[in-house]
Structure formats: C-alpha cells, structure tokens
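Worksheet: one structure, shown below.
Order of appearance sets the numbers: ligands from 1, and atoms from 1 within every ligand. In this chain, numbering begins with 1 at the start of the sequence shown. Quick caveat, the model's predicted, so the values are computed rather than measured.
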Amino acid sequence: MKKLFSIFALATSLAVQAQEPLVIREMKMQQGDNMAWKEMKADDSQWKTISVTSNWDNQGYRMDDTFVWFRKTIRIPKSMLDKSDQKGDVLFDLGEIDDADEAFLNGKRIGKTGRFPSDEGGYSSNWSARRHYHVAANQINWDGDNVLAIRVYNGGYPGGIVSQGLRISVPNSMNSVDTRFSETLPEGKKLADCKVSIANRSTQSVKADVEITATNLETGKVLNRVTKRGVTLGKKPYESVVQYDRQQMVRLDVTCRNAKSGATTTSTHIPKYILTPDAPATPRYNGPLVFGVRPGSPVIFRLPFSGERPMKYTVKGLPDGVTYDADKGTLSGKTDIPGDYRLTLIAENAKGKTEQTFTLKVGGTIGLTPPMGWNSWNCWGLSVSQERVLSSARALIDKGLADYGYSYINIDDAWEAAERNADGSIACNEKFPDIKGLADWLHSEGLKMGIYSSPGDYTCGRYLGSIDHEQQDAQTYNEWGVDYLKYDWCGYGSEFGRYNDHSHAGYIAPYALMGRFLRQQPRDIFYSLCQYGMDDVWKWGEFVDANSWRTTGDITDTWQSLYDIGFNRQPELYPYAKPGHWNDPDMLIVGKVGWSDRLRDSRLTPDEQYTHISLWSLLASNMLIGCDIAQMDEFTRSLLCNNEVNAINQDILGAQAKRVVLDGEVQIWMRDLADGSKALGVFNLGTELLTVDCVKYAGQLGIIHRPSQVRDLWRQKDLPLNTTSLVIPAHGVKLLKVRF
Ligand code: GAL
C-alpha cells in the first residue's frame with residue numbers, strides 16, 4: 001500500500017499556538033424556567049450536578065417538553081488572553097444542545113440556537129448545531145469568577161448538553177476563521193462550481209493572505225492556484241468560486257495567513273464528483289427482475305424504465321385480473337391464482353424500444369428484493385407534513401428516481417393525532433388532512449405508501465402507539481391503503497412502557513401480534529421491524545412475518561456512524577438475509593438531511609457517500625432515501641440512480657455480502673449474484689488515499705483463475721483484465737462485478 005495524499009488534513013492553525021482551553025464537564029442543573037437564573041447572584045446551591053458530556057436521559061433523567069437550566073461558576077485565567085495574538089475575543093464552545101438553548105455569561109446573553117415554544121414561529125429543534133459563542137474579552141472577569149448559565153428547552157427524547165466538555169478558549173487570530181465549501185452541479189453541464197466562503201466567527205476582523213489550490217487527486221497534478229493578499233476576514237464571508245470538471249476527483253486546499261503574526265489556518269475539501277454515466281435517451285430497464293404479491297392482494301408496481309418521455313408501455317403475459325396502463329407504465333389489479341408469471345415488459349419512445357423479461361410471483365412471499373423508496377425521518381424528523389411527503393413523492397417521479405425502482409413513500413413518526421377517535425381508531429393530526437387521498441394518488445402513480453407506529457403507548461417522538469389497538473390499527477391501515485409499516489419498539493420499552501417480560505418471548509410478542517393482524521388484511525403490507533437489533537432479531541424476524549428488521553440504533557450523517565453501523569455491526573448477519581426477509585442497517589444519509597425543518601447537506605464526504613451506497617447495495621439493505629427529494633442535486637441523484645450499482649442491491653438471489661478481507665484499513669466484501677458472477681466492494685477505511693494490491697487478496701477471495709470480466713460498476717466501465725492494483729480514496733470504495 002502506497003500512501004499518496006493525506007486528504008483529511010483537518011483545519012489547523014499553525015505558528016501561533018493559543019493556550020489549552022478550559023474544559024467543563026459538569027454543571028449544576030435545575031428543571032423549570034426562571035430568567036433570574038441567568039444572574040451571577042442566583043442561588044444554585046441546591047441544584048443537582050450533571051455531566052454535560054452526555055444527554056440527561058443517559059444519566060437517569062427524563063425531561064421532555066420542558067425547560068432546564070444549567071449553571072457553572074468559572075475562574076478564567078488572564079494568561080489565556082496573554083498567549084494569543086488577538087486580545088478581543090473569547091470562544092465558548094458548548095458542543096451540541098438538545099434541542100434549543102440560550103446562553104448567558106455574567107447575566108448577559110452570549111448566544112442562542114434553535115427556537116423556544118414562545119418564540120416567533122414556535123418551537124424548533126436545532127440539536128445538532130455546534131454552539132460556538134464568541135464573547136468580547138472585556139465581558140470576562142479575568143482571573144475572577146464568571147457565571148455561565150444555559151437555558152435549554154427539550155422538545156422530546158433525548159435532551160441535554162452533549163459535548164466533549166464545554167470549552168472556553170482564547171483563539172488565535174486565525175482559529176475563528178471558518179472556511180465552508182458548497183458545490184453547485186448544474187444539470188447537464190460538465191463544469192461544476194465550488195464556492196469557498198471564508199468567514200471569521202470572532203468579534204474582531206483580521207487581515208490575511210488567502211491561497212486556494214486545486215489538485216487532481218488521482219494524478220497529483222495541480223490544476224489551479226490563486227493567491228489573494230490582504231483580504232479582510234470578518235463576519236461577512238470572503239467568497240471565491242472554483243470551477244472543476246464534475247467527473248474529476250479534485251482536492252481544494254485553502255490557506256489563510258495573518259501576514260503580521262504568522263498565524264495560519266488551512267482547510268481541505270473534495271467537492272462532489274459524479275461517477276455514474278448519464279443514462280441514454282433510449283428506454284432502459286433499471287428495476288428488479290421479480291416482484292412478489294400475495295394471491296388476492298392488489299398489485300402495485302411502476303415499471304422502472306429511464307429514457308426520454310413520452311414513453312409507451314406494453315406488458316405481455318399478465319394473469320387475468322392484472323392490467324397495465326400504457327401511458328403511465330403501471331400495473332394494477334389482482335389475481336387469486338398463485339404462480340410465477342413470466343412477463344415481457346416493453347417500453348418505446350422516439351429514440352427506440354426495449355424489452356425486459358420479468359417475473360410476477362404470486363405466492364406467499366412479498367419483498368422479494370429489498371424495498372426501495374423514501375422515508376421522511378432523516379430529513380423532516382417530527383416536522384413531517386402531508387405536503388412535504390407529497391413534494392418528495394412528486395420529485396421522485398419528476399427527477400426520474402421512480403425510473404430506478406424507488407417506489408415506497410414512507411411517512412415516519414409524527415403523523416398521529418393526540419387522541420384516538422371515539423371508536424378507538426387511530427387518526428392523523430392536522431398536518432395530514434387527507435391520508436387516504438395521499439395513498440390513492442400514490443397508488444395511481446404505481447407508488448406505495450408506508451406508515452409508522454409503535455407497539456407501545458407512545459412512539460419515540462411521543463405520539464400515540466398501537467398498544468391495545470393493534471388489530472384496529474391494521475384494519476385502518478388497510479382502509480387507508482398502507483403498503484408498509486415500520487413498527488418501532490420505543491415507547492414499549494421506555495420506563496412508561498408495558499414491556500415487562502425480558503425473556504426471548506417477551507421481545508417477540510408485540511411483533512408477532514401486529515404481524516398476525518397485518519397478514520389478515522386483504523393487501524400486502526411490508527412489515528419492517530424497528531427495535532435496533534435486540535435479542536438477535538435477525539434470528540426470529542422471519543417467524544413473525546417481518547420483511548425486514550433494523551439491526552442497530554439510529555444512523556446519522558457522520559463517518560463514525562456509517563462506519564459503526566455498516567462495517568462493525570453487519571459482518572455476522574449475512575446468513576439471515578434472503579428474498580422476503582432483509583437486514584436493515586437504517587435509512588440512507590445522502591442528500592439534504594436534518595431530522596427537523598432545518599436541512600443541510602449530508603456531512604459525509606463524496607467518497608463516504610459512494611462507500612455508503614456501495615455497502616448498502618452489497619448488504620441487500622432496504623434502500624430508503626432519507627433526504628428531501630425536492631431539493632436533491634445532481635450528485636445525490638447520480639449516487640442513487642446508477643442502474644448497475646442498484647442491480648447489486650436488487651439481485652434476485654438475495655445473498656448478502658460477506659466480509660472476506662479485513663486487513664488494516666482495507667476491507668473487501670463479496671456477494672454472490674444470481675448470474676453466477678460476484679460483486680466485490682474494495683473499501684479503504686483509512687484517511688489516506690491507498691493503492692490496494694489486489695493480487696495479494698486473490699487467495700482470500702477464492703480467485704484461482706483470471707476473471708473473464710472485471711467491471712467498475714460506478715463508472716460502468718470494464719477494467720483491463722491485467723489490473724493488479726486499485727487506487728482508492730480515503731473512506732472510499734471500488735465496487736466491482738467480477739465474472740469468471
Ligand atoms: C426511532 C427510529 C427512527 C425514527 C424515530 C421516530 O426509534 O429508530 O428511525 O423512526 O424513532 O421517532
């Protein structure tokens with residue numbers, strides 16, 4: 001392995017070193033809300049002491065929909081100020097606060113993030129924002145007592161201050177410089193723009209020399225270098241736009257140097273780059289080769305053909321009772337007669353015509369390939385509404401994702417009314433004025449609708465669960481036209497829940513109960529268990545009629561989370577995946593996510609996103625898009641709409657990949673495919689670009705003779721058969737299909 005570049009050079013400050021920060025790990029805490037608590041003289045002697053390195057739920061407290069105050073008296077040494085090359089600004093880094101906060105120092109407000117219920121616009125969580133509050137140095141009692149008071153509002157589980165210790169520091173003149181990058185990839189254009197914005201979060205502005213260098217990461221060639229002297233860096237960002245070829249892996253290095261003191265900060269970024277080739281204008285089939293439906297259940301299927309519109313469709317070989325729409329390309333109707341129906345799907349447009357053989361399997365098993373679609377949670381969290389669901393569903397069609405087999409539109413938590421109807425049936429809250437209308441519209445487009453509930457009194461978001469109403473809820477789902485249920489343990493196991501039998505049977509019981517009622521409905525409802533992998537759910541999920549089961553806790557858009565869930569927690573689970581029954585490592589974290597009404601670009605780097613989609617394809621995972629599709633850019637679309645990559649996920653053998661090589665930073669996962677070939681993911685989990693010697697691993701991969709074809713699935717190009725090494729970026733992947 002040869003190390004070429006280190007691409008994860010963190011933003012660093014050189015030359016002038018500020019003193020170590022003061023770290024606070026514990027504070028005093030009191031539930032309630034009293035503005036007098038911000039004052040220095042307020043009495044907190046009777047308050048409880050709590051850690052600010054973990055949420056309060058982890059520390060045995062449950063405080064929802066409430067204010068909680070934190071206080072700490074701190075002595076701040078003046079020596080901190082003396083060691084910095086600037087004297088005006090002190091940084092309070094308070095970590096993440098679940099959900100909204102307002103912070104005070106010595107009675108004066110120093111910052112606020114998120115919104116409280118009484119604020120204009122109402123409550124809004126911004127738990128994941130890092131609280132960096134800058135305070136003018138003359139507001140500090142140097143070498144004396146200071147009181148930090150933080151007013152926190154928590155809207156729902158979990159809550160509290162989650163930091164690695166609150167940090168108080170006097171940054172040097174460059175430490176507060178914050179460089180951000182954002183890409184625009186105009187549709188159909190070869191060149192993309194990366195905007196570099198350099199702001200200074202300090203209360204003081206500073207003059208710096210700024211240098212921006214663009215390097216081709218694969219060849220090491222410097223493409224462009226621009227230097228600008230004497231730039232004023234203040235609150236208003238300095239902006240510069242770098243153009244790059246969107247198919248090239250480019251690295252941008254930005255250096256800002258204070259010409260006077262020598263303090264320097266650097267940051268590095270790899271802008272989004274597209275590997276997936278453009279789809280042809282002629283019709284092309286991009287979907288699964290099989291679809292399962294139970295006898296008597298409605299067939300809901302949209303033919304996933306890409307290509308220029310308008311398109312005309314013909315379907316041959318359908319059983320009586322099932323019909324197709326020649327303009328929309330949808331199948332509907334039902335049949336009572338089990339069997340494997342061999343269909344021919346034909347699509348034709350002005351540019352050409354194509355035919356695809358396909359099996360409609362009318363039998364006992366549904367979910368014959370992993371479900372593909374969308375779920376509201378990773379983007380909207382509890383702020384989901386019917387309008388937002390509809391907007392993603394429309395975009396799924398308009399942006400062509402439906403042409404790649406994405407077909408489920410799943411509403412996660414927060415659709416439920418505060419109380420059941422008088423007859424005990426479940427109702428929607430005001431954000432969902434017409435759920436049946438939504439389902440009808442989705443079905444008319446050949447799409448399917450999913451919903452969410454819990455076996456407990458409450459869901460994780462503290463909405464109504466299904467306990468004591470399981471049968472009634474299953475019937476309501478049928479009336480509404482629900483095609484997918486995510487059933488989330490949450491409130492069932494909480495301290496208020498009714499979970500008291502901790503035996504194996506105790507874990508199974510609530511899922512078996514709902515599974516039975518779902519099966520009694522005259523429609524297919526994909527049953528997705530969400531209980532985070534407890535009691536080895538993969539060993540019994542199938543026997544409660546589950547089609548998939550979450551294997552871990554919730555994913556979030558960081559490498560750590562992806563690495564832990566994807567690489568650490570899945571290797572042993574391959575024996576349990578098969579057509580109709582899938583391991584679910586949670587929803588996708590690409591595109592604009594946010595778990596609230598504030599969306600942001602996924603924090604994963606482009607290569608981490610390639611790794612994510614490649615691994616989920618190898619793992620035969622549920623492919624539920626977690627971002628707002630209406631705001632999806634070309635990069636994210638290209639990640640999700642690579643027909644050769646998706647074909648791995650949808651392979652009809654349904655064999656989940658095994659990890660066959662684990663060698664330091666290199667992991668190779670291999671999956672058997674129905675056509676006898678193998679899919680191989682060669683991952684570089686390190687922070688440096690690597691050249692991986694493939695010959696070294698041939699034995700472990702069981703490769704005894706030279707393959708007849710090696711295909712790079714992302715680029716959709718065959719590699720030369722004498723390829724012996726692969727260059728793989730940091731946290732990146734080569735996804736291959738190998739034929740012997
Ligand atoms: C969690 C679940 C998430 C989401 C959330 C809703 O328990 O794992 O995926 O459904 O509840 O409150």
What pairs of donor and acceptor atoms, side-chain ones from residues 394-402 against any protein atom, are under 3.5 angstrom apart with sequence neighbours left out?
residue: K399; atom: NZ; partner: I629; partner atom: O; Å: 3.3
residue: K399; atom: NZ; partner: A630; partner atom: O; Å: 3.2
residue: K399; atom: NZ; partner: M632; partner atom: O; Å: 2.7

What about F683 and F567, are their ring centers closer than 6.0 Å? yes
Salt-bridge test for K592 and D601: reply yes if a basic N is under 4.0 Å from a carboxylate O, no otherwise. yes
Close aromatic pair by centroid cut-off 6.0 Å: W415 and Y463: no
Pair D554 + R550: basic N to acidic O under 4.0 Å: yes
Where is the tightest heavy-atom contact between S638 and W714, given as atom of each residue plus distance? O-CZ3, 4.0 Å
So which protein residues pack against ligand 1 under 4.0 Å, heavy atoms counted? W377, D412, D413, Y452, C460, G461, K486, D488, C530, Y532, R550, D554, M587
